[in-house]
Amino acid sequence: MSKLSSIESDDNILLDHKTGDDAAIYKINSQISLVLTLDFFAPIVDDGYTYGEIAAANSLSDVYAVGGKPVVALNIAAFPRNLPKEIISSILEGGFSKAKEANTSIVGGHTIDDNEPKYGLAVTGFVKTGKQITNALAKTGDLLLLTKPIGTGIITTALKNHKNFLKQNDLNIAIDSMKKLNNLACDVMNLYNIKSATDITGFGLLGHLDQMMKSSNKSAIIWNNKIPVFSGSKDLLKKDIYPAGTIRNLEYLEKYIDFPSNLSPLEKKLLADPQTSGGMLMAVPEKTLNKVTDFLENNDSKKIEVIGEVTEQKNYSISIHKS
Ligand code: CO
Ligand code: CO
């Protein structure tokens, strides 16, 4: 550890794991800094190509979350020895196509043998020095926007274990969302000088918001009825279908969150549902709110609702309001 901390005192490291951000930033000069991220996971859908697209979109998202522009990436993969070559190719091709959409070249990588497949990218990007977005700069009065619905953990768990309960259309909508790059969110944040954001992944909406509030020394109020949710996820929850990570998230979060008495256990689980390639959660100053929502709605043709607001730090990291 002592060796690690002496390296970490390098003045060129502008952002690292200490604020709970998923990307590191390394200053090259006063103009430009490097953004470094890595993410990979086991398949969550049946089709190899789609899995590759989702894994790549998910990995690229951590660059977008700090306002960066991804440039080059390396594959990181593990495949069973007996996995047919065509499947491996389709996973890699899915990742390649998504990287291409992000104007990012995959320039190499490494694969090992493993019984369970895993795939993702180590992405390198650029950001203007000093302009990086972090989860640690939310300010009192900022309004919280979320660019994708939540519930992918529930839907992909149903796909894995309870296919008969899952509607094809609900699955398709969730898959399209997971495949979608968070580049628009990044563009709008850079355009309107948004300072604080995080993408929603394994710790769920509550987990990532909690981290953002702790890093910013603030608290948040969220309005349960305003939070966008994937169609079908509530019905699946009613059948007790959800991933194991939900309970781990809730156990950790319990003491930091003020749950109202009228919020059902089902609604709690939804808010803590681990996401794959989830949306961008942004803290937006009120004066730029309309410009940001207009940009997102015009370019993405879907309604963006304010889901909550940032307040001074209180006893609870997050208070949930339900009308
Ligand atoms: Co990540
Ligand atoms: Co992230």
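In listed order, ligands and their atoms are each counted from 1. One-based numbering along the sequence shown.
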Check your understanding: Under a 4.5 Å cut-off applied to non-hydrogen side-chain atoms, are Ile194 and Val188 in contact?
Key ->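 A side-chain contact is absent here, since even the closest heavy-atom pair is not under 4.5 Å.
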
Exercise for review: Provide the atom name of the closest N, O or S atom of Asp62 relative to the Co ion (ligand 2).
Suggested key: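 Distance check against the Co ion (ligand 2) picks out OD1 in Asp62.
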
**Study point:** Considering only N, O or S atoms of Asp199, the one closest to the Co ion (ligand 2)
**Key:**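 Closest to the Co ion (ligand 2) among those atoms: OD1.
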
Practice item. Give the C-alpha distance, both sets of side-chain angles, the deciding distance and a yes or no for side chain to side chain donor-acceptor pair (under 3.5 Å) between Asp273 and Tyr242. Key: CA-CA 8 Å; Asp273 184 52; Tyr242 56 87; over 6 Å; no

Check your understanding: Would a hydrophobic clustering, with Ile, Leu, Val, Met, Phe, Trp and Tyr connected at side-chain separations under 4.5 Å, put Ile257 with Tyr316?
Key ->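 Different clusters: Ile257 never reaches Tyr316 through Ile, Leu, Val, Met, Phe, Trp or Tyr contacts under 4.5 Å.
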
Practice item. State the CG-CD1 distance between Leu143 and Ile221, to the nearest 0.5 angstrom. Key: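 Answer for the CG-CD1 pair, Leu143 versus Ile221, is 11.0 Å.
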
Review point. Of the backbone and side-chain N, O or S atoms of Asp22, does one lie nearer to the Co ion (ligand 2) than 2.8 Å?
Key: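 It does: Asp22 brings an N, O or S atom closer than 2.8 Å to the Co ion (ligand 2).
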
